[in-house]
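Taking it in order: structure first as structure tokens, then the write-up.
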Amino acid sequence: MARHLITSAIPYINGIKHLGNLIGSQLPADLYARYLRQRGHEVLFLCATDEHGTPAELAAAKAGQPVAEYCAEMHAVQSRIADGFRLSFDHFGRSSSPQNHALTQAFAGRLDEIGLIREVTEEQVYSKADGRFLPDRYIEGTCPNCGFESARGDQCDNCTKQLDPTDLINPYSTISGSTELEVRETKHLYLRQSQMRAQLAAWIDSKKDWPILTTSIAKKWLNDGDGLQDRGITRDLDWGIPVKKGDADWPGMEGKVFYVWFDAPIEYIACAQEWEDAGKGTDWARWWRTDKGADDVTYTQFMGKDNVPFHTLSFPATILGSQEPWKLVDYIKSFNYLNYDGGQFSTSRGRGVFMDQALELLPPDYWRWWLLSHAPESSDAEFTWENFQTDVNKDLADVLGNFVSRITKFCRSKFGEAVPEGGAYGPAEEKLIADLTTRLQAYEGHMDAMEVRKSAAELRAIWVLGNEYLQANAPWTTFKTDPDTAAMQVRLALNLIRIYAVLSAAFIPDASKVMIDAMQTEDDAWPSDVAAAVMALRAGHAFTVPDNLFRKVTDEERDAWADRFAGTRE
RNA sequence: GGCGCGGUAGCUCAGUUGGUUAGAGCGAACGACUCAUAAUCGUUAGGUCGGGAGUUCAAAUCUCCCCCACGCCA
């Protein structure tokens with residue numbers, strides 16, 4: 001029994017995420033959280049929406065809503081979709097929460113006390129029509145180098161020359177199209193990450209068991225060029241957390257907010273406070289403060305590879321810089337990208353399947369199983385409809401679903417809807433128990449190590465054992481000459497259904513529940529002792545024959561979906 | 001242009017610190033079975049491990065060069 005804090009990278013608020021985002025953090029985090037809970041560990045699994053910044057403001061404006069209202073609505077949408085995929089967050093918070101406001105301001109004040117914050121006066125482009133400072137990428141104009149007319153403020157996409165917004169000829173705001181731009185001086189706070197380089201490097205180096213993908217990205221940022229750079233942590237925006245030192249005003253920073261990258265990871269902590277304040281638990285500090293009981297917590301973060309720098313450097317810089325006893329991450333599990341049929345998922349082109357659409361097509365288990373069994377762990381992975389169809393049909397419908405179907409229906413027709421008696425288990429059953437024990441240990445090892453694909457492969461192999469057993473021992477043949485032995489064989493197979501339900505729950509929770517319900521049992525104990533587990537359902541125990549666990553994806557559906565999600569244009 | 005991760009059977013992928021005939025699942029062929037969602041189980045075929053050079057008694061596994069794909073950065 002151990003205590004595990006698990007967080008998934010928090011998705012940005014503007015819009016619905018695609019399947020690549022799902023398998024990049026939330027889904028594997030959920031798998032791990034569910035597994036650890038099943039093994040009897042105490043788990044706090046947190047996720048939230050990342051709500052601040054210019055994109056949220058623009059999305060709200062486009063929707064014709066106040067940004068706070070827009071975010072509240074989108075949070076509800078994302079929350080509902082997360083439920084749809086059975087993501088078992090203990091709390092799904094919001095980075096715009098009052099808790100995060102207070103905590104972010106407290107961190108900033110603390111970092112300032114320690115001397116890790118400096119003020120910088122810089123020039124930025126201000127748009128009168130928009131009434132706001134414009135981030136570089138929201139300014140376009142003609143490239144002074146090649147004459148390209150839609151060069152962005154930070155770089156010309158045509159000649160790739162790096163630009164400053166003030167270099168552009170005839171610059172305009174991409175938000176309003178206005179050309180009434182002017183350069184204004186503005187003051188911002190910078191976090192002196194450069195001063196923490198050695199400390200962060202030592203911390204990273206101490207993490208010998210982290211995946212290469214994680215440490216290599218971190219070290220690149222730490223060591224490339226002039227090394228880790230100081231970063232601005234404030235912005236001239238309306239929507240965000242007001243810049244304050246704790247609850248005191250910050251002279252000269254009136255009307256400014258913290259930059260999202262600073263406040264978003266702090267939400268991991270604030271989310272635990274939200275969890276407590278929502279009445280879902282008590283003593284949040286026990287999970288986050290090593291001086292208040294969190295020293296025995298194992299903290300694991302899940303994220304896509306694009307998020308690694310923030311979790312290995314930026315957020316730890318905040319934590320370590322505060323010199324307060326906050327819990328630091330113990331293990332970072334990062335993922336590569338899932339590609340869609342030879343290219344990238346693309347929101348703007350409508351290319352690929354998004355989370356809400358996926359749930360319209362098929363129940364969550366189908367997606368969970370395919371995505372997890374193809375998780376992009378060692379390199380980018382590939383989604384194709386053909387692959388999805390054959391894998392889901394074979395693994396879920398044919399191997400697992402059909403196993404449940406064939407044995408429950410056989411039993412019903414020969415012995416009725418109750419576990420039959422028969423004699424004691426013999427050599428064939430002992431061998432199955434031994435094989436199952438071996439595979440179960442391998443499965444546990446992979447799950448403990450967060451080896452997602454390998455876990456899925458092992459689980460599938462466990463399902464196959466049931467079919468092998470039935471095929472080799474053929475109770476339908478045995479029944480003709482030796483009904484008693486056939487009864488024993490069926491009794492074993494029915495017990496396998498319960499075991500499969502338990503072992504599969506983290507991957508396919510809905511189907512798992514159907515199996516448990518069909519077996520009419522409350523016993524969902526982990527089958528550590530397989531020999532005992534195959535006797536959990538005793539002779540005479542009533543069960544029901546469930547509907548088919550999984551239907552098959554047809555060729556027509558596959559083709560129609562491939563066509564529908566191909567995107568509007570290349 | 002620099003850097004990073006990859007390039008292993010038709011497809012999706014495993015391959016520990018270099019060591020006997022390079023593995024799995026799917027797909028294919030053949031066979032068995034008929035309880036079941038035309039499901040299941042078994043057998044077989046299939047790869048000069050991107051190309052070249054080198055180190056070594058021994059390399060998919062180390063070194064160098066090149067090619068290809070993807071990503072990041074400038």
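Letters A, B, ... are given to chains in the order of the sequence lines, protein chains preceding strands, and every chain is numbered from 1.
Between A/Arg368 and A/Asp30 there is a salt bridge, since at least one side-chain N of the basic residue sits less than 4.0 Å from a carboxylate O of the acidic one. With salt bridges taken as basic N to acidic carboxylate O contacts below 4.0 Å, one links A/Asp517 and A/Lys513. Using a 4.0 Å cut-off between a side-chain N of Lys or Arg and a carboxylate O of Asp or Glu, A/Arg460 and A/Asp391 do not qualify as a salt bridge. Using a cut-off of 4.0 Å between Lys/Arg side-chain N and Asp/Glu carboxylate O, A/Lys454 and A/Glu377 are scored as not salt-bridged.
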Before giving the answer on ring pair (Phe, Tyr, Trp, His ring centres under 6.0 Å), spell out for A/Trp385 and A/Phe388 the whole-Å C-alpha distance, their side-chain angles and the decisive distance to 0.1 Å. CA-CA 5 Å; A/Trp385 284 105; A/Phe388 176 77; 5.8 Å; yes
Does the pair A/Phe565 and A/Tyr340 meet the rule for a ring pair (Phe, Tyr, Trp, His ring centres under 6.0 Å), with working shown? CA-CA 10 Å; A/Phe565 297 104; A/Tyr340 181 84; 7.5 Å; no
Tell me, with the steps shown, if A/Phe403 and A/Tyr469 meet ring pair (Phe, Tyr, Trp, His ring centres under 6.0 Å). CA-CA 11 Å; A/Phe403 173 77; A/Tyr469 172 79; 9.0 Å; no
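With A/Ile499 as the fixed residue, the side chain to side chain contact (heavy atoms under 4.5 Å, CB included) test singles out one of A/Ile462, A/Leu440, A/Val534: A/Val534.
Side-chain contact check for A/Tyr35 and A/Arg39: at least one donor-acceptor pair (N or O, by modelled atom type) lies under 3.5 Å.
Nucleotides B/G27 and B/C13 place their C1' atoms 14 Å apart, quoted to the nearest Å. With both ends at atom P, the span from B/C72 to B/G19 equals 35 Å, rounded to whole Å. Nucleotides B/A38 and B/G47, compared at atom P, are 35 Å apart to the nearest Å. For the C1' atoms, the distance from B/A45 to B/C26 is 15 Å, rounded to whole Å. For the C1' atom pair drawn from B/C62 and B/C57, the interatomic distance equals 16 Å after rounding to whole Å. Nucleotides B/C66 and B/C3, compared at atom P, are 11 Å apart to the nearest Å. Spacing between B/C5 and B/G46 at atom C1', rounded to whole Å, works out to 29 Å. A distance of about 25 Å separates the C1' atoms of B/U43 and B/U37, rounded to the whole Å.
Side-chain nitrogen and oxygen atoms of A/Lys552 include at least one within less than 4.0 Å of the OP1 or OP2 phosphate oxygen of B/A39.
When the C1' atom of B/G27 is taken as reference, atom CG of A/Asn393 falls 14 Å away, rounded to whole Å. Atom OH of A/Tyr469 is separated from atom C1' of B/U40 by 15 Å (rounded to the nearest Å). In this structure, A/Asn387 atom CG and B/A24 atom C1' are separated by 15 Å, rounded to whole Å. Protein atom CG of A/Asn467 is 13 Å distant from nucleotide atom P of B/U37, rounded to whole Å. When rounded to the nearest whole Å, the span between OH of A/Tyr366 and C1' of B/U37 equals 10 Å. With rounding to whole Å, A/Leu470 atom CG is found 12 Å from B/C33 atom C1'. Rounded to an integer number of Å, the gap from CG of A/Leu313 to C1' of B/C72 is 15 Å. Separating the CG atom of A/Leu494 from the P atom of B/C35 is a distance of 17 Å, rounded to the nearest angstrom.
Base engagement by A/Asn548 is indicated by at least one non-hydrogen atom pair under 4.0 Å involving a base atom. Residue A/Glu386 is classed as having no contact, given no heavy-atom separation below 4.0 Å to the nucleic acid. Residue A/Ala472 is classed as having no contact, given no heavy-atom separation below 4.0 Å to the nucleic acid.
Residue A/Phe550 places its side chain closer to B/U37 than to any other of B/A32, B/U34, B/U37. In this structure, the nucleotide among B/U37, B/C33, B/C11 sitting nearest to the side chain of A/Trp476 is B/C33. Counting only heavy atoms from C-beta on, A/Arg406 has its side chain closest to B/A36 among B/A36, B/U37, B/U12. Side chain of A/Thr390, nearest nucleotide from B/U34, B/C26, B/U37: B/C26. The nucleotide whose nearest atom lies closest to any side-chain atom of A/Glu468 is, among B/U12, B/A39, B/C41, B/C41.
In textbook terms, a nucleotide whose glycosidic angle is within 90° of 0 is syn, and B/G46 is one such case.
Position along RNA chain B of the nearest nucleotide to A/Val399 versus A/Asp380 favours A/Val399 as the more 5'-ward residue. Taking for each of A/His374 and A/Ser405 the nucleotide of RNA chain B with the nearest heavy atom, the 5'-most of the two is the partner of A/His374.
Under a cut-off of 6.0 angstrom, the local environment of CG in A/Asp555 is crowded, with over 12 non-hydrogen atoms contributed by other residues, nucleotides or ligands. At most 12 non-hydrogen atoms from other residues, nucleotides or ligands lie less than 6.0 angstrom from CD of A/Glu386.
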Dot-bracket, 5' to 3', for RNA chain B please: Watson-Crick or G-U pairs under 3.5 Å, [ ] where pairs cross earlier ones, | where the partner sits on another strand, dots elsewhere. ((((.((..((((.....[...)))).(((((.......))))).....(((((..]....))))))).)))).
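The base of B/A39 is not paired with the side chain of A/Asn402 by any donor and acceptor separated by under 3.5 Å.
Classified by interplanar angle (parallel below 30°, tilted 30° to 60°, perpendicular above 60°), the ring pair A/Phe302/A/Tyr32 is tilted. Under the 30°/60° scheme for interplanar angles, the aromatic rings of A/Phe310 and A/Trp261 are found to be tilted.
In this structure, A/Phe550 and A/Val404 have side chains that are not in contact, with every pair of non-hydrogen atoms separated by 4.5 Å or more.
Contact check of residues 428-466 of chain A against RNA chain B (heavy atom, cut-off under 4.0 Å) returns A/Arg453, A/Lys454, A/Arg460, A/Val464. Near-neighbour residues of RNA chain B inside residues 407-416 of chain A, defined by a heavy atom below 4.0 Å, number-ordered: A/Lys409, A/Phe410.
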